[in-house]
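Notes to accompany the following structure.
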Amino acid sequence: MTMKLQDKVCIVTGAASGIGREIARTYAREGGRVAIADVKLDAAQAAVDEINAAGGRALALAMDVTSEEQVDAGIAQVVAAWGGIDVLVANAGVQIVHPVEEFPFADWKRMLAIHLDGAFLTTKACVPHMKASGKGGSIIYMGSVHSKEASVLKSAYVTAKHGLIGLCKTVAKEGGKHGIRANVICPGFVRTALVEKQIPEQSRALGISEEDVVKKVMLKDTVDGEFTTVQDVAEVALLFASFESNALTGQSLVVSHGWFMQ
Ligand code: NAD
């Protein structure tokens, strides 16, 4: 059976948990060599051990994506180990919710740093290797339905996730002649640690039960009241990573059970 990412060198940030971890598993299953970059090194190592035990190839990188030094050192480590970079998934992210007038400035800056500086720094570090190989590559940004739509309490997240679309389109234009593609995945709510944390927070902030946060806020506008799964998102990440031509670049694909339709 041919594998879709045979020997491709892939870096997934924030891959110690949730969506990133499932993308790393999926890429490894498809023959990719996967670097799992995260601030949580123990959890990253556990993800690596799981992939290697299943016959895949993975390595862990201690990387805070807001640090240019750590990003550059991590990418250099991958290139030293595996000779280049074919796929980058800029996925690391957190959520902080407050009404805009109460949003601590430090939290606002942290949100933009993790989501936007992280995507920029990893892109900047990977593009030269994608150019140098002559093979180009695929850059995937983890956006959100909040790259297209807004929700109350999420000013920083919505601003950052919209910003990723601008970065993606620019990287797609600059990368075209080098075969470097850039796309954004825009998931609806996926029940990861990031979302589990929000349920009680939103319940308190909105004065409604946790059950109502799920039913009446998070999944209200889906076609079927269902959460998107990590596997759903990983399948889209596999499509973007393995698509061979510039026909599919500069795009953002919503995977949200119809919450947002465009
Ligand atoms: P998660 O909390 O399960 O995983 C996020 C990972 O990012 C964690 O392992 C964390 O340690 C890591 N991380 C955080 N800050 C970092 C930093 N500065 N440097 C490196 N790693 C860092 O969350 P998730 O739900 O899997 O989220 C992954 C991405 O998907 C995020 O960008 C998030 O915004 C996006 N997203 C999530 C949902 C959802 O409903 N869960 C929906 C749309 C988009």
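Counting convention: from 1, in listed order, for ligands and their atoms alike.
- Under a hydrophobic-cluster definition in which Ile, Leu, Val, Met, Phe, Trp and Tyr are linked whenever side-chain heavy atoms come within less than 4.5 Å, directly or via other members, Ile11 and Ile114 are assigned to the same cluster.
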Report each N/O pair between ligand 1 and the protein that falls under 3.5 Å, naming both atoms.
unit_1: ligand 1; atom_1: 3 (O); unit_2: Ser17; atom_2: OG; d: 2.5
unit_1: ligand 1; atom_1: 9 (O); unit_2: Asp38; atom_2: OD1; d: 3.4
unit_1: ligand 1; atom_1: 9 (O); unit_2: Asp38; atom_2: OD2; d: 2.7
unit_1: ligand 1; atom_1: 11 (O); unit_2: Asp38; atom_2: OD1; d: 2.6
unit_1: ligand 1; atom_1: 18 (N); unit_2: Asp64; atom_2: OD1; d: 2.9
unit_1: ligand 1; atom_1: 19 (N); unit_2: Met63; atom_2: O; d: 3.4
unit_1: ligand 1; atom_1: 19 (N); unit_2: Val65; atom_2: N; d: 3.0
unit_1: ligand 1; atom_1: 25 (O); unit_2: Thr192; atom_2: OG1; d: 2.4
unit_1: ligand 1; atom_1: 26 (O); unit_2: Ile19; atom_2: N; d: 2.8
unit_1: ligand 1; atom_1: 32 (O); unit_2: Asn91; atom_2: O; d: 2.8
unit_1: ligand 1; atom_1: 32 (O); unit_2: Lys161; atom_2: NZ; d: 3.0
unit_1: ligand 1; atom_1: 34 (O); unit_2: Tyr157; atom_2: OH; d: 2.6
unit_1: ligand 1; atom_1: 34 (O); unit_2: Lys161; atom_2: NZ; d: 3.1
unit_1: ligand 1; atom_1: 36 (N); unit_2: Tyr157; atom_2: OH; d: 3.4
unit_1: ligand 1; atom_1: 40 (O); unit_2: Val190; atom_2: N; d: 2.7
unit_1: ligand 1; atom_1: 40 (O); unit_2: Val190; atom_2: O; d: 3.3
unit_1: ligand 1; atom_1: 41 (N); unit_2: Val190; atom_2: O; d: 3.0
unit_1: ligand 1; atom_1: 41 (N); unit_2: Thr192; atom_2: OG1; d: 3.1

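- Between the side chains of Ser17 and Lys40, no donor-acceptor pair is found at a separation under 3.5 Å.
- The residues Arg25 and Glu50 are annotated as salt-bridged, a charged nitrogen and a carboxylate oxygen being separated by less than 4.0 angstrom.
- In terms of hydrophobic clustering, with Ile, Leu, Val, Met, Phe, Trp and Tyr side chains grouped at heavy-atom distances under 4.5 Å, Val97 and Tyr157 are assigned to different clusters.
- Residues Thr123 and Tyr141 have side chains that bring a donor and an acceptor to within less than 3.5 angstrom of each other.
- Between Asp72 and Lys124 there is no salt bridge, since no side-chain N of the basic residue sits under 4.0 Å from a carboxylate O of the acidic one.
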